[in-house]
Amino acid sequence: MKPRKLLLLLLVLAAILTVFALPVFAEDASGEESQSFVYGTFWALLPPIIAIVLALITKEVYSSLFIGILSAALLYANFNPVNAFTVMLNDGFIASLADSWNVGILIFLVVLGTIVCLMNQAGGSAAYGEWASRRIKTRKGAILSTFGLGVLIFVDDYFNCLTVGNVMRPITDKHRISRAKLAYLVDATAAPICMIAPISSWAAAVTGVVEGYDGFELFIRAIPYNLYSLLTLAMILIIAFLGIEYGPMRKHEENALNGDLYTTPDRPFEGQENQARNTKGKVRDLVIPVIVLIVCCILGMLYTGGILEGENIVNAFANCDASLGLSLGSVLALIIIIIYFIGRKVLSFNECMACLPNGFKAMVPAILILTFAWTLSGLTKSLGSSEFVSGIFNESAATVFLPAIVFAVAVGMSFATGTSWGTFGILLPLVVDLFDKSAAFSGGTPDLLIVTISACLAGAVCGDHCSPISDTTIMSSTGAMCSHINHVSTQLPYALTVAAVSFLGYILAGFIPSAWVVLPISLVVLFSVLMIIRAAVPSIKGGEAGKSAAR
């Protein structure tokens, strides 16, 4: 974006914030510190909105997130510049990096980057790509293979995002599938599949939120009503088999068929894989490390869940610390993989050690974006975003429309804050409390409670799926080695299509709370919408190389 346009946007931002600042200075003339004047209001969501809008307009994510953080700090400090600067660093960046959960994810990220570097250096990734390309003959096969692997890795969305992208990237590149499309496939089979998998870190998170009920039972009963997750998986299959592409994704796929996997000038990962290949590399030099990583990460999660203290597998997953478990598992896997490559004599000890800083450098963009996103999310919570959302629910709402209302609110909150766990952690207790204590919902059936809980979970996944500041969105673009803003802009039309159909499905579910009715009708509506889009949008055209790869 041109500097002049960016300067204009910054001036507009300054004008908006100044409007809020004037009454504050008038009220706080005494100099006494007071609570933020936007606490618990809609304006508490202004900073993430600013960051998201700027990112989509400027196509530059770092400065956009920083401006969002700065605006949140100013609002929190009632426009006292000294306090705002302190808040931004101490309560923002330092607090986010001091959080044990966040640090665990960063460790996992760096270790996974190192493992990927080791597999590439050993020639395993290239060998696997050649092997798979001889067996996966079509673009459709490559898409469906990526989808299948994403469904299989259902234990944790972070693990899913980074593993699927890195494993399938050589195959999708061979078949000229754009990096944006790969990022969408990865993102669309991460949180959605984890949200409907009983044995996953997400099931554990939901189970621990609801008090007074069997959280695991509620999670299981909510699965058939989780329209967004189920319809997202269905959409991948429909667009794969029918070849439907629309929105910005269509341009990326058309260009990919002509040999350009990136489409736009912003291609931060280009050239990272064009290194001299180790001729000793075999397919097993990718398969064995991936299997070791998966097994070790699962064991790490079970260990943190108390499997050694006698807990069964289900309870161990329900009680696990996913961040610590992934850190423990990935570090153990890294040690085993280094020993394996040295023992195989495909890499020397010095070459393995050289992969440590190289793997870290490959993950620097994701680490920066995650740090900014966590900081913005933390400051947004400090402004009372949770209290504002809590106030949206009131007893005047019509009972039958509650699932659709909860879905919409969850989408908005998750999109603005970039966290699905934080969203359902706030909203689920409110939903249960409405059914338990509110006279307006006292006549609600148990099935309607399940539908509403599922609407909350689905909305949280949807908003997280769309948000540029979501950690899973960031990790999906990292795993696919795709520009983050390209991933967000191409994924958004697809996600919004499913969100609109899901919203209609939850309106129907308010009247007929039966999965046997709601889910099939929603699937039919989604299929009909996609067929209309297919009829309205011409098919993708590629060059001779693209046509050959598409067969």
Side-chain angles (χ1 to χ4, degrees), residues 97 100 102-131 153 156 158-170 173 268-301 303-304 323-371 474-475 477-481:
L97 291 176
S100 59
N102 293 348
V103 173
I105 296 302
L106 293 182
I107 291 173
F108 173 63
L109 199 66
V110 171
V111 171
L112 190 60
T114 303
I115 292 174
V116 170
C117 184
L118 285 167
M119 293 189 297
N120 290 338
Q121 190 73 16
S125 298
Y128 179 79
E130 292 178 2
W131 174 85
I153 303 179
D156 184 75
Y158 293 162
F159 184 47
N160 183 307
C161 289
L162 294 168
T163 304
V164 175
N166 282 300
V167 171
M168 297 304 299
R169 192 171 56 249
D173 284 357
F269 300 99
E270 187 176 32
Q272 286 194 12
E273 297 178 328
N274 297 330
Q275 304 172 354
R277 178 189 163 185
N278 188 331
T279 55
K280 297 179 181 179
K282 305 293 182 182
V283 173
R284 62 176 178 268
D285 294 326
L286 180 139
V287 174
I288 291 177
V290 169
I291 292 175
V292 169
L293 180 63
I294 292 174
V295 171
C296 288
C297 286
I298 291 176
L299 291 176
M301 294 174 69
Y303 170 74
T304 62
S323 176
L324 177 59
L326 291 175
S327 298
L328 292 171
S330 61
V331 171
L332 176 60
L334 176 61
I335 295 171
I336 295 173
I337 291 168
I338 289 175
I339 294 173
Y340 166 76
F341 281 134
I342 294 175
R344 273 259 299 137
K345 297 183 179 179
V346 293
L347 292 177
S348 66
F349 177 78
N350 288 337
E351 287 174 325
C352 289
M353 291 303 101
C355 287
L356 291 172
N358 290 335
F360 179 86
K361 285 187 287 187
M363 291 299 174
V364 166
I367 291 171
L368 283 175
I369 297 174
L370 276 174
T371 301
I474 296 166
M475 289 187 182
S477 56
T478 302
M481 287 193 175

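- No side-chain heavy atom of Asn358 sits less than 4.5 Å from a side-chain heavy atom of Gln121.
- The shortest non-hydrogen separation linking Ala122 to Val346 is CB-CG2, 4.1 Å.
- Between Ile107 atom CD1 and Ser323 atom OG the span is 7.5 Å, to the nearest 0.5 Å.
- Distance check, rounded to the nearest 0.5 Å: SG of Cys296 to CE of Met301 gives 13.5 Å.
- Here the CD1-CG distance, from Ile115 to Asn120, works out to 12.0 Å after rounding to the nearest 0.5 Å.
- Within the model, atoms CZ of Arg169 and CE of Met481 stand 4.0 Å from one another, a figure rounded to the nearest 0.5 Å.
- A distance of 5.0 Å separates CG in Leu326 from CZ in Phe108, rounded to the nearest 0.5 Å.
- Pairs passing the side chain to side chain donor-acceptor pair (under 3.5 Å) check and including a residue from residues 285-298, sequence neighbours excluded, read Asp285-Tyr340, Asp285-Arg344.
- With Leu356 as the fixed residue, the side chain to side chain contact (heavy atoms under 4.5 Å, CB included) test singles out one of Leu118, Val111, Leu334: Leu334.
- Considering every non-hydrogen atom in both Gly124 and Leu286, the closest pair reads O-CB, 3.7 Å.
- A donor-acceptor pair under 3.5 Å links the side-chain atoms of Ser327 to the main chain of Gly104, judged by distance alone.
- Atom CD1 of residue Ile336 and atom CG of residue Leu332 lie 4.0 Å apart, to the nearest 0.5 angstrom.
- Between Val295 and Leu299, the closest side-chain pair of non-hydrogen atoms falls below 4.5 Å.
- Two residues are said to be in side-chain contact when any heavy atoms from C-beta on lie closer than 4.5 Å; Val290 and Met119 meet this criterion.
- Residues Lys282 and Val287 have side chains not in contact (no heavy-atom distance under 4.5 Å, counting atoms from C-beta outward).
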